[in-house]
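Let me begin by presenting the structure, written as structure tokens, before commenting on it.
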Amino acid sequence: MKLPVPAFLVAALFLAACAPQTSANSASDKDDKSGTLRVWLFQEVGNDPKQKVVDSVVAGFEKAHSGTRVDVEYIPVDTRAQRVKAAFNDPKSAPDVMEYGNTDTAGYVRDGGLLDVTRDFGAWSEAKDTDPTARQSVTVGGKVYGAPFYVGVRALYYRTDVFGELGLKPPATLAEVASTARRIRAAKPGLYGLAVGGAYTYGAMPFIWAGGGELATARGGSYTSAIDSAAARKGIKEYTSLFGDDNCPAAKCAGFGGNDTVTAFAAGKAGMAIGGDFSHTAVEAGTVKGKYAVVPLPGATAGSVAPAFAGGNNIGVLKSTAHRTLAVALMEQLTAKKTQAAMFDAMGFLPTFTDVRDQAAAKEPFVKPFVATLAAGTKFVPASAGWSQIDSSLVLPTMFQEVVSGRKSVEAASQEAARKMDEAFGSAG
């Protein structure tokens, strides 16, 4: 996808008028209008389609900005933490523009690595159509530190052949999800009713949120854990009750993560699973191809949708850049509506712009339940640098697994998880 040159020229003039002409809020005292821009993007499993889209954007950008060259490097996702930390500590090795996971935003801001682009984002005409949760994912302390690149959410995959054989209908509430899962398991002991995982944090969160629970509450610019509240505990009980011989035996499922549950479903070993729009390709490649459908994960009451975690990636400018104006312009082109539409066609990444996402749903029917989930309202993790510590130290999976194993009650496990979360929030400031 190649954007027409006039569009880039207009964008360049627009940014020249709106973006600061000096790098007052960057660590560099330079704002060079030419030279080489270094970009780090994530290496995908099948990266060629992504690279073709990016190459087209880069070619147009270089043509519109005389004397400018863009050098794109694709870095492995699993080693990003070390690469990014090194870049923050050594500006000479740092890129100007970088893709990053949206749960990393607050930590990168705390580390002083990302540039505040609040003014630029506000002046960008396309930004007004950004999904509210996607906007939240680039916002820390009321300031914007990047542009959303794509979003991902989870919904309920179910076996149409199994449902037809057993005379089942797609569940309309979370309680029906559980009862339907047990009916499937009882009728077909070789299947998990609903594949669940003790290490599947983002599959468990909707159970907490659907009943009014929260992970944490914001107070005076910091966060306090709410995982031990009565509403959150109710959701934890609902989720952990699905680990048993009548659905997904704890001995097998306690260690499952999200990929494990999707793999089990794709292999024909489960009647249902909570999977993402990004899981579609894997399921299509499995033995259940042509024998499944997807609906939004229902909420506590019929007709409602359980709030899903809005995952995805963002693209931001590093504070150390010596090409502030150019870097912001490139960030916007890499996350623009036309680019996101092309990325959907190439990779299946869901756009963060509501209008572009609606167009994607009209084009590809499999997207519709995920778009409906987004439209119903999604949730995000606490915008605190402490979340990275909570996530990496497996606080929530440990809580679920302690309950599932019978080592601790929901009350004791959630109380311990809340203590660890508060310690992480406190250390983050």
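All heavy atoms count here, side chains included; hydrogens, waters and symmetry mates do not. Sequential numbering from 1 along the given sequence is applied to the chain's residues. As the structure is a computational prediction, the values presented were derived from the model and not from experiment.
Ring pair Tyr202/Phe309 is parallel by interplanar angle, where below 30° counts as parallel and above 60° as perpendicular. Note on ring orientation: taking the six-membered ring where Trp is involved, the planes of Phe149 and Phe349 are perpendicular (angle over 60°, cut-offs 30° and 60°). The aromatic rings of Phe265 and Tyr292 sit perpendicular to each other, their planes meeting at more than 60°, with 30° as the lower class boundary.
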When you look at Asp246 and Arg183, which way does the salt bridge (Lys or Arg N to Asp or Glu O under 4.0 Å) test go after all the steps? CA-CA 9 Å; Asp246 61 350; Arg183 285 183 63 183; over 6 Å; no
Side chain to side chain donor-acceptor pair (under 3.5 Å) between Asp228 and Ser414, intermediate numbers included: CA-CA 5 Å; Asp228 58 346; Ser414 62; 5.9 Å; no
Applying salt bridge (Lys or Arg N to Asp or Glu O under 4.0 Å) to Glu73 and Arg83, what does each step give before you reach the verdict? CA-CA 12 Å; Glu73 179 182 355; Arg83 292 288 300 272; 3.1 Å; yes
Using salt bridge (Lys or Arg N to Asp or Glu O under 4.0 Å), reason through Asp245 and Arg185 one step at a time and then give a plain yes or no. CA-CA 9 Å; Asp245 291 340; Arg185 178 74 171 177; 5.4 Å; no
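More than 12 heavy-atom neighbours from other residues, nucleotides or ligands sit within 6.0 angstrom of NZ on Lys337. Heavy-atom neighbours of Glu214 CD from other residues, nucleotides or ligands within 6.0 Å: above the threshold of 12. Lys408 NZ: more than 12 foreign heavy atoms inside a 6.0 Å radius. Heavy atoms of other residues, nucleotides or ligands lying less than 6.0 angstrom from CG of Asp71 number more than 12.
A salt bridge does not link Arg233 with Glu238: none of the charged nitrogens is closer than 4.0 Å to a carboxylate oxygen. Between Glu423 and Lys420 no salt bridge is recorded (no basic side-chain N to carboxylate O distance below 4.0 Å). Salt-bridge annotation for Glu165 and Arg159: absent, with no side-chain N of the basic residue lying under 4.0 Å from a carboxylate O of the acidic one. Looking at Asp345 and Lys363, a side-chain N of the basic residue comes within less than 4.0 Å of a carboxylate O on the acidic one, giving a salt bridge.
Thr224 and Thr217 form no side-chain donor-acceptor contact under 3.5 Å, judged by distance and modelled atom types alone.
The shortest distance between side-chain heavy atoms of Asn102 and Asn313 does not fall below 4.5 Å.
The distance between the ring centers of Tyr200 and Phe256 does not fall below 6.0 angstrom. Between Phe400 and Tyr239, the ring center distance clears the sub-6.0 Å criterion.
Between Val403 and Ala413, the closest heavy-atom pair is CG2-CB, 3.6 Å.
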Return all side-chain donor-acceptor pairs below 3.5 angstrom for residues 85-94, not counting sequence neighbours, or 'none' if the list is empty.
unit_1: Asn89; atom_1: ND2; unit_2: Lys85; atom_2: O; d: 3.2
unit_1: Asp90; atom_1: OD1; unit_2: Lys92; atom_2: N; d: 3.3
unit_1: Ser93; atom_1: OG; unit_2: Asp90; atom_2: O; d: 2.9

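Here the rule is side-chain contact (heavy atoms from CB on, under 4.5 Å) with Tyr150, and of Glu99, Met343, Arg357 only Glu99 fits it.
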